[in-house]
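Residue numbers begin at 1 in each chain, while the letters A, B, ... track the order of the sequences.
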Amino acid sequence: MLMLQANPLDLPGPQFLVFYIALMIVAAIIARLIKRSLVSPPWSNTQHINVDAYEAAYLRGGANEAVDTAVAVLVQKHRLKVSKTTRALKTAAALPAGAHWFEKAIHHAVGSSGHTINEIHKSSLIEPYTAQLAGRLKQWELIPSDNRWLKARTVSALVMLAVVVLGVMKIFVGLSWNRPVSFLVVLCIIAGFITLSVFKSRPARTHLGDQALKQLQDESAALQMAARTQPNRLASPDVALAIGLFGMSALAFADNNWTDLRAALQPPPSASSGSSSSSCSSSSCGSSCGGGCGGGCGGCGG
Amino acid sequence: MNYQTFISNVGVGWRPELALMIERAPEITFIEVVAENILPADIPRPLLKLKERGAIIVPHGTGLSLGTAEPLDPKRLAHLARLAEKLDAPMVSEHIAFVRAGGRDSGHLLPLPRTREALDVLTENILAAQAALPVPLALENIATLFEWPGAEMSEVAFITEALERTNTRMLLDVANLYANARNHGWDALDYLDSLPLERLAYVHIAGGIARGHLYHDTHAHGVQAGAIDLLEQLCARVQPPAVMLERDDHFPAEADLRAELDAIREAIARGAQTRSLSIAASSAQTVNGYV
């Protein structure tokens, strides 16, 4: 209590270090909470939000997930093929006239000469189309709009910056008293990195986006079951939605094409996808309800 | 909820493989779940959605082993009871069979010896189960590939007495009856005529396949024409509250499954027509008798 009432700059070195570490932690938590709060709109109903498979994929894991979803759907439709040896993708057949605009964009970007998934992710041909997906999600405020993001990152970074400034001030006080300041310098550098991280890291979704994604996944639990148990029976739009909402691992295709595709979409660890993705954020994801009557009683006979 | 509120409803056994098809078929309002595969504390979301849309869901047990000469497992009973409550089920169903004895599980529903002694055991267990369950219990006849020697009565007499002594309802599996008629040379129509059809809770039908000289009720193949005919014959005698198609494996395309459901509805309709003609004919005869 005495410590809180006193001017922290007057605290002896060791006590200030303890105080400063605690302050850094608390400020980092507060900054994160402020950022989450400011990027999100006031709570509202998600009932009328209607996203397609690629918007769902973007909502779940960003631009790269949307691209991967379209690639997977096009491979499943035999419009793209994947090389087992090079993991390169290339076009296998033309798209029908009524194909989804995003599939057309991906199909065009892949082209006939073969590209890896990383190359496709970075392709300048893709960027306008993923931006279009993002635009729709921003309109619904499911992902942070640019204005909200600017305000959120600025305010939250200022919270951490204040901690850095306090540390720097104490460094000068310590130097004036001929006290050792090296530990404090290190802490200030750490606080600086945290400030930078707070400023740069953009939440993938708003609170509304989290709510919408969970709701979509809950509503599609039966689709998830079908994808896990009977993927070959799914129509293409259902395949797309299943991948968009739950990721490729949700589909239990067993053919070589699918295995090769999964390998192609998971490049070696040195390649970065750059997006925070969660392939399964719903509590119903992966929940098991068993098979049929075979649980201990064979074919039933009943 | 009174089980009689679902009249001549055609339903499907719920399996994860069929969850999407059932969800997208609003006309399916009667489903059954294998009780041992569902946790009351974690009911799958698709089932909850079906419940929200007003579907009737009946837990169908396979592990109670009502025919075993041992006390029933209280945990299994409690599971069945909790599931019935969570699903607002109008009843639960189980089998006239045993699946374990002396600490060993058979892994399959086995027939009971049709003796007075076995009937006493079965009756005692049914009464114990009824006392523990919050909803009525319906009992199903099983398909059997063999019969125990030394039978003191026919299956229909055995089942009828069990139902009457315990005042329970029957889940009549016409596919199982069809299988037993083929495998043991029973007269299926005599069987139907001898059953207390007023105790019918609902009906099962399923597919199977002949291998060698035996017919196997696999639940993994299309419904046989003979089973459909038997369903029609049943419906010519009584209007069943509901008929449930069971499919546990080698799931067909949605169109084929819907075709089977249509075939079931048509059999019910044909049977109902026969029944009304028969009622009309006997009414006319009665009138003529008084003239």
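- In this structure, CD on Gln230(A) lies 10.5 Å from CG on Leu20(B), to the nearest 0.5 angstrom.
- Shown here is Tyr129(A), whose OH atom has no more than 12 heavy atoms of other residues, nucleotides or ligands within 6.0 Å.
- The environment of CZ in Arg32(A) is sparse: at most 12 heavy-atom neighbours from other residues, nucleotides or ligands sit within 6.0 Å.
- Arg228(A) contributes no side-chain N or O that, together with a main-chain N or O of Pro16(B), makes up a donor-acceptor pair within less than 3.5 Å.
- Within a 6.0 Å sphere centred on NZ of Lys86(B), heavy atoms belonging to other residues, nucleotides or ligands number 12 at most.
- Considering every non-hydrogen atom in both Glu219(A) and Glu23(B), the closest pair reads O-OE2, 3.8 Å.
- With a threshold of 4.5 angstrom between heavy atoms, Asp238(A) approaches chain B through side-chain atoms but not through N, CA, C or O.
- Remark: His184(B) NE2 is packed, more than 12 non-hydrogen atoms of other residues, nucleotides or ligands lying under 6.0 Å away.
- Distance check: Met225(A) CE to Arg15(B) CZ gives 12.5 Å after rounding to the nearest 0.5 Å.
- When all heavy atoms are compared, the tightest approach of Pro46(B) to Ala222(A) is CG-N, 3.5 Å.
- For NZ of Lys90(A), the number of neighbouring non-hydrogen atoms (other residues, nucleotides, ligands) closer than 6.0 Å is 12 at most.
- Contacts of Pro111(B) with chain A are absent, with no heavy-atom separation under 4.5 Å from either backbone or side chain.
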